Chemist: 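Quick one: the structure is below, questions incoming.
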Amino acid sequence: MPTQSPAPARRETILTGDRPTGALHLGHYAGSLRNRVELQDTHDQTILVADLQALTDNAGRATDVRENVLEVVLDYLAVGIDPARTTIALQSGLPALAELTVLYLNLVTVSRLERNPTVKAEIAQRGFERDVPAGFLCYPVSQAADITGFRATLVPVGEDQLPMIELTNEIVARVNRMAGCEVLPQCRALLSSTPRLPGLDGRKASKSLGNALPLGAPAEEIRRLVNAMYTDPGHVRVTDPGRVEGNVVFAYLDAFDPDTAAVEELKTRYRRGGLGDVALKQRLATVLEELLAPIRERRAELAARREDVLEILREGTARARGVTSQVLEAVRDAQGLLRL
Ligand code: TRP
């Protein structure tokens with residue numbers, strides 16, 4: 001755990017977010033949540049629960065999105081995100097972001113949006129073909145509103161979000177050019193140093209594939225999912241040499257086992273032959289149970305205090321309203337709208 005560093009004169013502003021499409025899983029923990037817990041000591045951090053962005057491809061499932069807002073906030077609090085140090089805000093509770101989006105939409109062309117490689121891949125993945133919701137094509141613009149609405153300069157994201165940062169900076173440059181001065185700061189991505197955690201079956205971890213381990217999973221579920229993990233199909237007998245690369249159990253041990261020397265030794269034994277999958281999986285199940293037991297417990301406690309959790313989100317959103325409204329005013333002026 002990082003110790004509280006002496007407050008520097010001015011902390012850098014971080015904005016990050018998640019679409020509330022389901023409870024968060026171990027992949028989120030390794031890829032972002034763990035970092036956020038550390039960053040809250042050194043940065044001015046806001047986490048946005050991006051419910052409007054979730055609606056861009058879930059318009060017919062608004063109830064799910066609404067219910068998942070609370071799930072995601074529970075996950076944040078359970079892993080140690082502290083509302084006193086991190087602002088947790090609800091996107092739909094910040095109308096300034098929606099207004100910024102409307103202004104930014106005029107600064108971006110449709111063909112520019114259609115070229116976004118992440119959006120392209122998502123459109124293919126979801127089978128939208130020609131029926132892409134306009135809001136979906138435009139969500140990167142709304143994301144630019146999220147980032148600039150907080151004057152964030154640092155955005156911790158995965159590689160797939162780099163096109164969003166690039167687009168944001170194009171919009172920032174246009175607004176500043178229009179204003180003739182720096183109204184908005186440029187931002188940069190903070191890429192996680194940990195490799196993306198694979199799904200339990202070796203494919204990309206995703207809620208819809210059901211191949212991810214939820215943070216609130218009970219002990220029996222952890223054991224069951226670990227036992228079903230993909231290892232090395234060529235490693236049939238304990239004495240056979242096994243492959244470590246592409247082996248999901250090792251990917252998880254690398255991500256979560258604090259004893260890295262022991263993991264290296266297991267890899268050597270596994271490669272040589274003589275280490276069975278059962279023993280290996282037992283170790284991983286123990287490691288994960290140690291990590292997740294306190295998270296699960298805290299999550300259950302908080303889930304029983306629904307109103308308190310909502311109050312945390314209400315307070316964070318209220319705090320976020322100040323800065324986002326100021327930014328909106330500045331961009332309205334830059335655009336030259338009439339002030340009444
Ligand atoms: N697009 C992000 C995701 O799918 C969520 C998100 C919304 C976000 N607004 C953001 C991320 C602003 C970083 C900054 O996970």
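Fair warning: this is a prediction, and the values are worked out from it, not measured in the lab. Values below: every heavy atom of this structure, side chains too, minus hydrogens, waters and symmetry copies. Counting convention: from 1, in listed order, for ligands and their atoms alike. Position 1 is the first residue of the sequence; numbering continues from there.
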Chemist: Kindly determine whether Ile222 and Arg296 satisfy side chain to side chain contact (heavy atoms under 4.5 Å, CB included), including the steps that lead there.
Modeler: CA-CA 12 Å; Ile222 296 177; Arg296 178 199 307 138; 3.5 Å; yes
Chemist: Could you check whether the rings of His235 and Tyr270 sit parallel, tilted or perpendicular, using 30° and 60° as the cut-offs?
Modeler: tilted
Chemist: What are the atoms of ligand 1, with element, lying closer than 4.0 Å to any heavy atom of Ala50?
Modeler: 7 (C)
Chemist: List the closest protein heavy-atom neighbour of atom 9 (N) of ligand 1: residue, atom name, distance to the nearest 0.1 Å.
Modeler: Asp146 OD2, 2.8 Å
Chemist: Examine the proximity of ligand 1 to Met164 and report which part, side chain or backbone, both or neither, has a heavy atom under 4.0 Å away.
Modeler: neither
Chemist: Would you give the length of the straight line joining atom OH of Tyr139 to atom OG1 of Thr56, rounded to the nearest 0.5 angstrom?
Modeler: 7.0 Å
Chemist: Provide the number and element of each atom of ligand 1 under 4.0 Å from a heavy atom of Arg19.
Modeler: 4 (O)
Chemist: Do NZ/NE/NH1/NH2 and the carboxylate oxygens of Glu99 and Arg332 come within less than 4.0 Å?
Modeler: yes
Chemist: Would Arg126 count as a cation-pi partner of Phe136, with NZ or CZ less than 6.0 Å from the six-membered ring centre and within 45° of the ring normal?
Modeler: no
Chemist: Name the closest protein heavy atom to atom 15 (O) of ligand 1, giving the residue it belongs to and the distance to 0.1 Å.
Modeler: Gly17 O, 3.9 Å
Chemist: Between Asp51 and Arg66 (salt bridge meaning N to carboxylate O under 4.0 Å), is one present in this structure?
Modeler: no
Chemist: Counting non-hydrogen protein atoms only, what is the nearest one to atom 7 (C) of ligand 1? Give residue, atom name and distance.
Modeler: Gln53 NE2, 3.2 Å
Chemist: Give me the nearest non-hydrogen protein atom to atom 14 (C) of ligand 1 as residue plus atom name, then the distance to 0.1 Å.
Modeler: Leu15 CD1, 3.6 Å
Chemist: Give the contacting part of Val155 toward ligand 1: side chain, backbone, both or neither, where contact means a heavy-atom distance below 4.0 Å.
Modeler: side chain
Chemist: Met164 and side chain to side chain contact (heavy atoms under 4.5 Å, CB included): which partner among Val119, Asn169, Ile147?
Modeler: Val119
Chemist: Can you list the ligand 1 atoms lying under 4.0 Å from a non-hydrogen atom of Gln161?
Modeler: 1 (N), 2 (C)
